[in-house]
Amino acid sequence: MTLLERTTRLAHAWLDSLPSRRVGPAADFDAMQAAFDVPLPEAGEDPERIISELAAAAEPGLMGSAGPRFFGFVMGGTLPAGLAADWLVTSWDQVASSTTMSPASMAIEGTAARWALDLLGLPADASVGFVTGATAGNTVGLAAARHHVLGEVGWDVEADGLVGAPPVRVLAGDEVHVSVLSALRIVGLGERRIVRVPVDGNGAMRGDALAAALREGGGPTIVCAQAGNVNTGAVDPLEEIVEAAREHGAWVHVDGAFGLWAAASPSLAPLVRGAAEADSWAVDAHKWLNAPYDCALAVVGRPEAHRAAMGVTAPYLAGGPEHNMVSYVPEMSRRARGVPVYAALRSLGRAGVADLVEGCCAHARRLAAAMDAEPGVEVLNDVVLNQVLLRFSGDDEVTRAVVAGVQAGGDAWLGGTVWQGRAAVRVSVSNWQTTEADMDRLAGALRRAHAAAAAPAPAPAPQAAS
Ligand SMILES: *Cc1c(COP(=O)(O)O)cnc(C)c1O
C-alpha cells in the first residue's frame with residue numbers, strides 16, 4: 001500500500017468514527033504531551049511508520065468537533081466535497097497568489113467568490129480575499145475602512161501611517177466579538193478608544209443608541225456591526241445601522257462570521273436585511289458552510305480600498321492586480337483555501353446551502369422547545385438562528401456542572417459561557433451531519449447531567465459518638 005493510500009484509510013477510519021465515537025477527547029493535554037514530547041531524531045524515519053504512529057498516538061487527544069454531536073463554540077464540520085478538494089489543494093501545492101503562479105487557483109477562487117457573494121446577497125462587484133478566518137477577515141475589512149475614512153480627509157495612511165493622522169472614531173456594540181477588538185489593535189486603532197453602543201436583551205446593537213452616539217462626534221468614523229452574536233445568534237439591525245452611518249459618512253464593517261449565511265435562506269434572509277449596503281464584511285466558510293479549517297472571506301464593497309490596504313506590487317507579479325489574490329489578503333504565499341469553498345458550494349447548490357442553514361436553526365428551536373418544557377431549565381435567549389443558551393436550576397454552579405457532565409459523558413460536547421452576568425450552557429448547531437436524533441440525544445445528555453448536578457449532596461456520614 002502506498003503512503004497516501006494508507007493515509008486515506010486512516011482518514012476514513014477517523015471520519016467513520018465521528019458519529020459514534022466519544023465526542024470529547026479521551027486524553028488530556030498532559031497525556032498528549034507525554035506521547036509526543038520526544039527528542040528530534042538524528043536520522044530520518046520511514047514516512048509510513050511516522051503516519052501510522054502519528055494517527056494512533058493522536059487519536060485519543062482529538063476532539064470530535066467535525067462530528068454531528070459537537071455543539072461547542074460555533075464550529076462546523078467538513079462537507080465531503082470540501083474535504084476532498086482540500087486534499088487536492090495540498091497535493092497541487094500551488095502558491096495561489098497570482099494568475100502567473102496558478103491560473104487555475106485564481107479562476108476557481110474567483111468563481112467561489114462570485115457564488116458566495118450571490119448567496120450572501122452582497123454586491124457582485126465587491127472584492128473577496130480568501131483568508132484564514134473571520135479574525136483575519138475583520139482585520140482586512142478594518143484596514144480597508146481605515147484607508148477609506150482617512151483618505152476622505154486627505155490622509156494617506158498606507159504612505160504616512162497613523163502617527164500624526166487625524167483621529168478615527170470607532171463605534172461597536174457592547175457585544176462586539178473579541179476578534180474585532182484584536183483586529184482594531186492590529187490596524188492601529190486601539191481597543192480603548194472604541195465607543196461602545198448599548199445592546200438589546202438578545203445582544204443586538206440598538207439602532208437608536210448608535211444614531212445618538214454618532215451625533216456626539218465627527219470626523220473619520222467606522223461602525224463595527226455584527227451579524228450573529230456568538231452566544232445568542234442575535235443580528236444587529238443592519239438596515240438601521242447603515243442608514244445612520246450614511247448620514248455621518250461612516251464606514252460600516254459587518255462581522256458576519258457565521259450569521260451572514262442567514263442571507264442564503266429565503267426565510268431567514270430578512271434577519272440580515274441591509275447587510276448589502278454596508279462597506280465591508282467578514283464571513284467564515286469553516287463555520288456554517290462546513291468547509292474545512294481554515295477558511296473565510298474578507299469582502300470589501302470598494303475594491304480600490306481593499307487593494308490599497310492589502311495590495312503589494314512587485315515586478316515579478318505580472319497580470320492585473322484585480323485577479324491576483326495577493327491584492328486582497330495579508331499573505332503573499334498562500335494555499336488556495338477558496339477551492340474547498342468552490343467544491344462545498346457546488347456540492348450543495350443554492351438549495352442545499354439554504355437547507356443547511358435552515359436545518360441547523362430548526363434543530364436549535366427543537367432543542368430550545370424540549371428544554372423549555374423541562375422543569376428548572378430556562379432558555380435565556382431568543383433563538384433567532386442556530387444558538388441556544390440554557391440555564392439550569394437558576395444557578396451558576398449547577399449550570400457549570402451540567403457543562404462538565406455533558407462533556408464527561410461523551411455523548412455530546414458543548415461549552416459554557418457567561419450571559420448577562422450569569423453562567424449559561426451554550427449550544428451551537430452548525431454541522432451539516434446533525435440530525436433530529438442527535439438533538440434528542442443531546443437533550444437526554446443535558447437532562448441526565450442536570451439530574452446529577454441538581455441532586456442533593458449525599459448526606460454526611462453520621463458522626464461517631466464521641
Ligand atoms: C467565530 C467568530 C469570529 C472569529 O472567527 P475565526 O474564524 O475563528 O477567526 C468572529 N466573529 C464572530 C461573530 C464569530 O462567531
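Starting from 1, each residue takes its place in the sequence as its number. Keep in mind it's a predicted model, so treat the numbers as computed, not measured. Every number for a ligand or one of its atoms is a count from 1 in the order of the listing.
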- Task: Quick one: look at Phe258 and ligand 1, take heavy-atom pairs under 4.0 Å, and tell me if it's side chain, backbone, both or neither.
- Result: side chain
- Task: Decide yes or no on side chain to side chain contact (heavy atoms under 4.5 Å, CB included) for Val341 and Leu289, but give the supporting numbers first.
- Result: CA-CA 8 Å; Val341 172; Leu289 183 61; 4.1 Å; yes
- Main-chain N/O of Gly77 paired to Asn290 side chain as donor or acceptor, under 3.5 Å: yes
- Task: Report yes or no: does Asp255 have a heavy atom closer than 4.0 Å to ligand 1?
- Result: yes
- Item | Residue, atom name and distance, where the atom is the protein heavy atom closest to atom 6 (P) of ligand 1 | Ala134 N, 3.4 Å
- Note on the structure: ligand 1 to Asp284, heavy atom cutoff 4.0 Å, flagged ligand atoms 5 (O), 6 (P), 7 (O)
- Where does Thr135 meet ligand 1, judged by heavy-atom distances below 4.0 Å: at the side chain, the backbone, both, or neither? both
- Message: Under a 4.0 angstrom heavy-atom cut-off, which atoms of ligand 1 come close to Gly133?
- Response: 7 (O), 9 (O)
- Among Arg302, His306, Arg307, Glu304, find the residue that satisfies the side-chain hydrogen bond (donor to acceptor under 3.5 Å, both in side chains) test when tested with Ser127. His306
- Counting N and O atoms only, with roles assigned by atom type, does the side chain of Thr90 sit under 3.5 Å from a partner on the main chain of Asp86, one being a donor and the other an acceptor? yes
- Do you know which two heavy atoms are closest between Ser182 and Thr135, and how far apart they sit? OG-CG2, 4.2 Å
- Just jot down the ligand 1 atoms closer than 4.0 angstrom to any heavy atom of Val230, in number order. 14 (C), 15 (O)
- Message: Within the 3.5 Å criterion, strictly below it, is a donor on Glu158 or His147 matched to an acceptor on the partner's side chain?
- Response: yes
- Hey, is Gly228 one of the residues with a heavy atom under 4.0 angstrom from ligand 1? yes
- Task: With heavy atoms of Ala257 as the reference, note each atom of ligand 1 found under 4.0 Å away.
- Result: 2 (C), 3 (C), 10 (C), 11 (N), 12 (C), 13 (C), 14 (C), 15 (O)
- Message: With a 3.5 Å distance limit and no angle check, can you tell me whether Asn324 reaches the backbone of Val326 through a side-chain donor-acceptor pair?
- Response: no
- Task: Tell me which one of His286, Glu175, Lys287, Gln387 gets a heavy atom nearest to atom 7 (O) of ligand 1.
- Result: His286
- Query: Between Arg69 and Arg22, is there a donor-acceptor pair closer than 3.5 Å when you use the side chain of the first and the backbone of the second?
  - Reply: no
- Considering only protein heavy atoms, which is closest to atom 10 (C) of ligand 1, and at what distance to one decimal place? Ser179 OG, 3.0 Å
